[in-house]
> 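Below: one structure in structure tokens.
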Amino acid sequence: MFDSSLKVRIPPSPTGPLHLGTVRTALYNFLLAKKHGGTFVFRLEDTDRERSKSEYVSDIINGFRWLGITWDEGPLRQSEHKARHQMVVKQLIGEGLAYECFCTTEELNEIRQSQRAQNLVEGYDNRHRGLTEEQKKNFREQGRKPVIRFRLPDNKELFWDDLIRGRMTVNTSDLGGDPVIAKDNGDVLYNFAVVVDDNDAGINCVIRGEDHLHNTAKQIALYEGLNWKVPKFGHVSLILTTNREKLSKRKHGDIAGITKYINEGYLPEAIVNYLIGMSWTYPGDDSKEIFTIDEVIPIFSLDNVSKSSAVYDLGKLHWFCKEHFKLTSSEEVLKRAEPFLEKENISLNEYSIEEKLKIISLIKDGLITLSEIPQQVKVFCKIPDLSNLEIKEKECLDDPNAKLILEKLKDLLNESDSLNEEQQVKDLLEKLSSETGIKKGKKLFWPVRVAISGTVHGPDLTSMLSILGLGRVKDRIERVNNFLMNE
RNA sequence: GCCCCUAUCGUCUAGAGGCCUAGGACACCAGAUUUUCAUUUUGGCAACACGGGUUCGAAUCCCGUUAGGGGUACCA
């Protein structure tokens, strides 16, 4: 179906931050291009001068970069093709395929209202299609400035074989009248600009969201009018929220944009995995769920992209996050955690690199985001604040046995000369159990845990103590004993 | 209103007429492991929207209904 002449594109408009839906569409385009050795073009759809902002441009570029989505051409800017757009508009007018329309907003509204009242398709009634020079002159004298409309063929079935949904048909009469291609100030509009730009860039395959289904019909009419080769089209379903609406920044806030995920330290691999797998299924009987983008490239196909919309499930994304943390080496996690540790003012620099990696491997497997790491490794470099414990932890230390356990532990520590080996820690805890007469279990270990870390939750106690080492453990136990004595 | 798209567990999906007493994953529930949380592990709950056809046979094909979504701009 495709070969290396395949040329696809992603054209986000910088009127908002990078959206998850755009990312998924970009991913499918990227995958398709890579699979067939084709070309992936990145273009900024910045024709709307008022809404386009440079901060969004960098947000989009940074987002793609973070996700590992790269392009072969671009970024192209639609706004830079202005002269070309004007040329094509002129050509269309010259050929009688486009014309000036002088309708005011009020007139347009009236048309729509009456159409609606008659249960007709709402839109423009093409009333200025055949304006005489005289009429145009009159409108101009009234101070009206015309928009340019594209003359749609009357009552024509437009069709295409959608790469994802099969044969599609839309009648031109359901398109809401001749579409405006240039505003009264001369700026061209999306449906027109996109056709010119895609054509000029040699785009031969357009994969985009299903919210473009009607635009595709209009664009095909334009391609045909201009006598240009119509690209192949494929329409991906939309991403919905739990209440089954199109996921949008406006309504659903941060979760729709990529920034939140960057800032919170999500692994881009997990986001990519989730988004690809959201409406594409790994072929074969193994029903593989966890994969990398590189693994997907050779086997990607639009054939197993789902036609129905999918609900965005943060819980499932989190599962992907955990799985990808398991796949990521401790070295890599440590490297990526650096900025997050710095931000929380947590430093593990008192530890050797081996010890640091051991710390990471201890906490790595349950992780969802990098931003959870500071909290989890805090125990290794910060002495717990005993005067500010949670209720459960406080009760734990107030237990009469706690005093006994911690006193005994202090004695045993004084007799030890090292805790660096896990076996030494095990022996120590064994002794603590036999000498206090308290069985190994919560009763015995929770007070120790709270004394060391200030919380009953955390990494494996044996590993934790061996990494902390004799000096730190001794110091902390002593502090607790003093604290309990003064209470 | 009109046009278009979609329809399998709560969610993401497998399923292209008999392999389906419908498979997997997330979530949830219960058990085991672990000194805690997490991890790991065993098991459980749970779906073909409805109604008509076609067929020996339908989750799968056709029609209708219903439901959900999208579009309907001098936004993209």
Side-chain angles (χ1 to χ4, degrees), chain A residues 11-16 45-48 50-52 78 101 103-105 108 112 115-124 145-149 162 165 168-171 173-177 179-191 193-194 209-217 235 237-238 240 242 244-246 274 277-290 304 306-313 315-320 322 326 362-367 376 392 429 433 439-446 448-450 453 455-462:
Chain A
S13 83
T15 52
E45 215 90 331
D46 56 353
T47 42
D48 187 337
E50 276 165 32
R51 295 200 302 146
S52 298
Q78 198 151 60
C101 165
C103 283
T104 61
T105 316
L108 257 14
R112 291 202 183 95
Q115 283 165 330
R116 192 174 187 131
Q118 299 170 69
N119 287 354
L120 296 172
V121 183
E122 253 181 68
Y124 172 62
K145 285 174 75 184
V147 299
I148 309 299
R149 287 184 186 269
D162 195 280
R165 329 181 89 83
M168 295 298 213
T169 3
V170 180
N171 194 294
S173 57
D174 292 323
L175 256 21
V180 176
I181 58 173
K183 302 207 255 187
D184 62 3
N185 66 5
D187 285 355
V188 293
L189 257 22
Y190 166 76
N191 271 316
V194 80
E210 71 170 331
D211 46 346
H212 283 288
L213 246 17
H214 275 72
N215 287 336
T216 297
H235 293 84
S237 61
L238 265 17
L240 269 30
T242 330
R244 302 211 144 262
E245 300 170 303
K246 178 174 160 180
Y274 176 55
M278 203 166 185
S279 23
W280 175 82
T281 315
Y282 201 98
D285 298 329
D286 51 349
S287 63
K288 194 171 153 88
E289 305 255 356
I290 303 297
N304 33 32
S306 164
K307 287 190 277 203
S308 49
S309 319
V311 172
Y312 183 67
D313 182 351
K316 186 136 190 182
L317 170 63
H318 286 175
W319 176 73
F320 279 97
K322 286 187 192 177
K326 287 181 203 157
L362 225 46
I363 58 152
K364 189 169 77 82
D365 282 5
L367 246 31
Q376 301 230 28
K392 197 170 171 191
L429 295 176
S433 170
K439 279 195 311 204
K440 284 193 283 184
K442 283 187 197 179
K443 275 255 177 295
L444 179 69
F445 294 119
W446 276 23
V448 178
R449 188 175 272 287
V450 172
S453 69
T455 162
V456 292
H457 301 309
D460 174 64
L461 188 61
T462 313

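We name chains A, B, ... by the order of the sequence lines, and we start the count at 1 in each one.
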> Using a cut-off of strictly less than 4.0 Å, decide whether A/Lys183 has a side-chain nitrogen or oxygen near OP1 or OP2 of B/C75.
yes
> Heavy atoms from C-beta onward define the side chain here; which of B/C2, B/A38, B/A76 lies closest to that of A/Val121?
B/C2
> Could you please name the option among B/C3, B/C74, B/G70 that lies closest to any side-chain atom of A/Leu238?
B/G70
> Across the strands shown, which category fits A/Thr462 at heavy-atom distances under 4.0 angstrom: base, sugar-phosphate, nothing?
base
> Report the nucleotide, chosen from B/C12, B/C74, B/C37, that has the shortest atom-to-atom distance to any side-chain atom of A/His457.
B/C37
> Any side-chain N or O of A/Thr281 less than 4.0 Å from the OP1 or OP2 oxygen of B/U13?
no
> Is there a donor on the side chain of A/Arg165 or the base of B/C5 sitting less than 3.5 Å from an acceptor on the other?
no
> So if I take every side-chain heavy atom of A/His214 and compare against B/A76, B/C26, B/G70, which nucleotide ends up nearest?
B/G70
> How many angstroms lie between NZ in A/Lys322 and CD1 in A/Ile290, if you round to the nearest 0.5 Å?
12.0 Å
> Can you tell me, in whole Å, how much space there is between the C1' of B/U55 and that of B/U13?
29 Å
> For B/U65, which nucleotide is its Watson-Crick or G-U wobble mate, given both distances must be under 3.5 Å?
B/A49
> Please give, in whole Å, the distance from B/C75 P to A/Asp46 CG?
15 Å
> Using every non-hydrogen atom in the two residues, find where A/Asp46 and A/Gln78 come nearest and quote the distance to one decimal.
OD1-N, 3.3 Å
> Using the six-membered ring wherever Trp is involved, compare the ring planes of A/Tyr274 and A/Phe320 and label them parallel, tilted or perpendicular (cut-offs 30° and 60°).
tilted
> Write down the distance between CG (A/Asn119) and C1' (B/C3), rounded to a whole number of angstrom.
13 Å
> Using a 4.0 Å heavy-atom cut-off across all strands, classify A/Asn185 as base, sugar-phosphate, or nothing.
nothing
> Please tell me if A/Lys316 has a side-chain N or O lying less than 4.0 Å from either OP1 or OP2 of B/U13.
no
> State which of B/C5, B/A76, B/A7 makes the closest approach to the side chain of A/Glu45.
B/A76
> Could you tell me how far B/A47 sits from B/A27 if I compare only their C1' atoms? Round to whole Å.
15 Å
> Rounding to an integer number of Å, can you tell me how far A/Leu461 CG sits from B/U34 P?
15 Å
> Looking for any heavy atom pair under 4.0 Å, which part of the strands does A/Leu444 touch: base, sugar-phosphate only, or nothing?
nothing
> So which nucleotide from B/U36, B/U39, B/A14 ends up closest to the side chain of A/Asp365?
B/U39
> Counting just side-chain N and O atoms, does A/Ser309 come under 4.0 Å of either OP1 or OP2 of B/G69?
no
> Over how many whole Å does the gap from A/Trp280 atom CH2 to B/G24 atom P extend?
20 Å
> Roughly, in whole Å, what's the span from CG in A/Asn171 to P in B/C4?
9 Å
> For a quick check, tell me whether the side chain of A/Asp313 and the base of B/A27 share a donor-acceptor pair closer than 3.5 Å.
no
> Base, sugar-phosphate, or nothing for A/Gly458, non-hydrogen atoms under 4.0 angstrom?
base
> Hey, is A/His212 stacking on B/G71? Ring centres under 5.5 Å, planes under 30°.
no
> Does a nitrogen or oxygen in the side chain of A/Lys326 sit under 4.0 Å from OP1 or OP2 of B/U40?
yes
> Taking the side chain of A/Glu210 as heavy atoms from C-beta outward, which of B/U13, B/A76, B/C5 is closest to it?
B/C5
> Base, sugar-phosphate or nothing for A/Val147? Non-hydrogen atoms, less than 4.0 Å.
base
> Rounded to whole Å, how long is the line connecting atom CE of A/Met168 with atom P of B/G71?
15 Å
> Send over the distance from A/Lys307 NZ to B/G69 P, rounded to a whole Å.
20 Å
> Partner lookup for B/A30, please. Criteria are Watson-Crick or G-U wobble with both distances under 3.5 angstrom; report none if nothing qualifies.
B/U42
> Please check if any side-chain donor atom of A/Thr15 sits under 3.5 Å from a side-chain acceptor atom of A/Ser13, or the reverse.
yes
> Which of these nucleotides, B/U35, B/A73, B/A76, is closest to any side-chain atom of A/Asp460?
B/U35
> Which whole number of Å gives the distance between the P atom of B/G31 and that of B/G70?
42 Å
> What are the two closest heavy atoms between A/Glu289 and A/Lys316, and how far apart are they?
OE1-NZ, 3.9 Å
> Grab the two heavy atoms, one from A/Val147 and one from A/Asp184, that are nearest each other, plus how far apart they are.
CG1-N, 3.7 Å
